[in-house]
Amino acid sequence: MKVQPLATAHKSKIIMSLTILTSAYRLRSLCRLQRIQGHMMSSQVDPGVLLEKVGNAGVITMNRPKVLNALNLTMIRQIYPQLKKWEDDNETDILIIRGAGGKAFCAGGDIRAVTEAGKVGDSLAEIFFREEYILNNAIGTCRKPYIALIDGITMGGGVGLSVHGRFRVATEKTMFAMPETAIGLFPDVGGGHFLPRLQGKLGLFLALTGFRLKGRDVQRAGVATHFVESKKIPELEKELVGLKSPSAEDVSRVLDSYQNQSGLDSEKPFVLDKHMSDIDRLFSSSSVEGVVHNLKADGSEFANKQAEMLSRMSPTSLKITHKQLEAGATLSLQDVLVMEYRLSQACMRGCDFYEGVRAVLVDKDQSPKWNPPTLEEVSEQAVDQCFSSLGEKDLTF
């Protein structure tokens, strides 16, 4: 048997290793491409959205329970034209949106696919935000009563599908949050419009910390318009779809009556009740550094907890979010969405979004390495650039 010289054997090993690495890279790229394509194509077997006419109601059911009804481009492209069609249809009086599976209304946008697209410069990173925000605006301007049954987890993109509508019905299973600063993003989908319109500095507090509101507290905060016990939702739906040519006031009366029958947790105070004056005082600052200074100087258990929470978030995201809400307080929903589209594309160009998704959703090590790593190192100029016009690529309606 001929013994292979050591150098040749070593060379063979290197070639084999490179071949394996190249194959692995190709496979990863292929998987990434398939994930992006999967985001853009609908599955014939299990539609992501069910669109049904029930009585005089157009009913939209988000139907991806295995992924908590996460919103992807295919779903947006199904919902938007149907929403517009029903809005103009004389036989359709109200619109109802709900989530399948019993756990979630919609836990957010399908961020992982957007991340993969952004990394390789795929147009999905532009298209997804553009079409999602156009849908958010259509909900906000819908001429017919729009009722979101947010019976379960409602975060990020799910908030965009509900909060701009006329009626939002929370249950004891509702969990609301805008957790974007933890993944290097900002509370988008019109967050810059509805958050600064909540009482006092509550919106800024929710936006910066990602604090979770549950059950009746979602209504007490002003995010939901009504609270109805989850077991009464099927009966409520039945009554809503049976209404004949209802006005918004008729719908409101039905929702009020179901709320009046729902006494669950009514005796419990609002979870942030004893902290509202602290939130207004501590979060009243013209900068995020000012908020952090207020929290550290206060030194209470509540203030320390919030300071610790903010220390984990992307410094760039915190500064963008502060400016976003400050500006959004006086803008229309449309103008806010134009601003937020600019911000979304700035995040796609940056690095914190990809690092945040890696740390929180992919590797799940919860240890993102933000760049820049501190608030002081995020310049005003860098923040202002995120708000700059995209020219021809700006969002239009």
Side-chain angles (χ1 to χ4, degrees), residues 35 38-39 42-43 46-50 60-79 96-117 124 128-129 131-133 135-136 139 147-165 168-191 194-195 206-207 209-215 217-219 221 223-224 230 233 313 317 340 344 347 353 356-364 366 368:
R35 272 201 294 274
H39 196 280
S42 67
S43 156
D46 191 12
V49 180
L50 303 174
I60 302 161
T61 305
M62 286 167 292
N63 190 39
R64 300 177 73 210
K66 286 179 183 172
V67 289
L68 302 177
N69 298 321
L71 182 69
N72 63 22
L73 187 60
T74 302
M75 295 163 75
I76 293 166
R77 287 180 168 175
Q78 289 173 307
I79 295 169
I96 296 171
I97 187 164
R98 58 206 287 283
K103 278 189 180 176
F105 169 70
C106 170
D110 196 346
I111 286 298
R112 284 184 70 163
V114 176
T115 312
E116 298 293 355
L124 175 67
F128 176 77
F129 289 106
E131 297 194 24
E132 181 182 27
Y133 295 177
L135 174 57
N136 297 151
I139 291 166
I147 306 139
L149 302 174
I150 53 173
D151 182 23
I153 300 165
T154 306
M155 299 196 292
V159 176
L161 291 175
S162 54
V163 78
H164 307 300
R168 291 92 62 191
V169 182
T171 75
E172 72 277 10
K173 286 158 58 178
T174 305
M175 194 277 282
F176 161 92
M178 294 297 279
E180 289 83 0
T181 56
I183 58 164
L185 206 55
F186 61 95
D188 65 335
V189 296
F194 84 87
L195 287 165
L206 295 172
T209 65
F211 187 89
R212 295 179 168 194
L213 291 169
K214 295 173 184 174
D217 287 340
V218 179
Q219 188 217 2
V223 175
S230 187
I233 291 290
M313 306 306 188
S317 288
E340 290 181 356
S344 76
C347 290
F353 173 59
V357 171
R358 180 207 64 75
V360 176
L361 301 175
V362 181
D363 298 340
K364 298 183 180 174
Q366 311 300 326

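These figures come from a predicted structure and were not determined experimentally. Computed from heavy atoms alone, side chains included, the values below leave out hydrogens, waters and symmetry copies.
Judged by distance alone, with hydrogens and angles left aside, the side-chain atoms of Glu172 form a donor-acceptor pair with the main-chain N or O of Ser230 at under 3.5 Å. Remark: the backbone N or O of Val189 is paired with a side-chain donor or acceptor of His164 at under 3.5 angstrom. Put simply, the side chain of Asn63 never gets that close to the backbone of Leu50: no donor and acceptor are under 3.5 Å apart. Of the possible donor and acceptor atoms, one in the side chain of Asn69 sits under 3.5 Å from a partner among the backbone N and O of Ala104. For the pair Glu340 (side chain) and Gly190 (backbone), a donor-acceptor distance under 3.5 Å is present.
Every residue two or more places apart in sequence or in another chain that forms a side-chain contact (heavy atoms from CB on, under 4.5 Å) with Ala70 is listed here: Arg64, Val67.
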- Full working for side-chain contact (heavy atoms from CB on, under 4.5 Å) between Val223 and Arg168: CA-CA 8 Å; Val223 175; Arg168 291 92 62 191; 5.8 Å; no
- Query: Between Arg358 and Thr115, is a side-chain contact (heavy atoms from CB on, under 4.5 Å) present by the stated rule, with each step listed?
  - Reply: CA-CA 9 Å; Arg358 180 207 64 75; Thr115 312; over 6 Å; no
- Stepwise side-chain contact (heavy atoms from CB on, under 4.5 Å) check, Asp188 with Phe129: CA-CA 9 Å; Asp188 65 335; Phe129 289 106; 3.7 Å; yes
- Message: The test is side-chain contact (heavy atoms from CB on, under 4.5 Å); show your working for Phe105 and Thr174 and say whether it passes.
- Response: CA-CA 8 Å; Phe105 169 70; Thr174 305; over 6 Å; no
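Between the CZ atom in Phe211 and the CG atom in Leu206 there is a gap of 8.0 Å [rounded to 0.5 Å]. Between Ile76 atom CD1 and Asn136 atom CG the span is 8.0 Å, to the nearest 0.5 Å. Note: Glu180 CD to Met155 CE = 9.0 Å, rounded to the nearest 0.5 Å. Taking CZ of Phe353 as the reference point, atom CD1 of Ile111 lies at 4.5 Å (rounded to 0.5 Å). Note: Asp110 CG to Leu124 CG = 9.0 Å, rounded to the nearest 0.5 Å. For the atom pair CD1 of Ile153 and CG of Leu68, the computed distance is 5.0 Å after rounding to the nearest 0.5 Å.
By the neighbour-count criterion of 12 heavy atoms within 6.0 Å, atom CZ of Arg212 is sparsely surrounded, having that number or fewer from other residues, nucleotides or ligands.
Taking every heavy atom of both residues into account, Ser344 and Tyr133 meet most closely at CB-OH, 3.8 Å. The two atoms that bring Ala207 and Leu195 nearest to each other are CB-CD1, 3.9 Å, heavy atoms only. When every heavy atom of Cys347 is checked against every heavy atom of Gly184, the shortest pair comes out as SG-O, 3.8 Å. Counting all heavy atoms, side chain and backbone alike, Gly157 lies closest to Glu132 at CA-OE2, 3.5 Å. Looking at every heavy atom in both residues, Phe194 comes nearest to Val163 through CD2-CG1, 3.6 Å. Heavy-atom minimum distance, Arg112 versus Leu361: NH1-O, 3.6 Å.
Leu149 pairs in a side chain to side chain contact (heavy atoms under 4.5 Å, CB included) with only one of the listed residues (Ile96, Ile97, Thr61), which is Ile96.
Leu161 has its side chain within reach of Met62: a pair of non-hydrogen atoms, C-beta onward, lies under 4.5 Å apart. Residues Val357 and Val114 are not in side-chain contact: their nearest non-hydrogen atoms beyond the backbone lie 4.5 Å or more apart.
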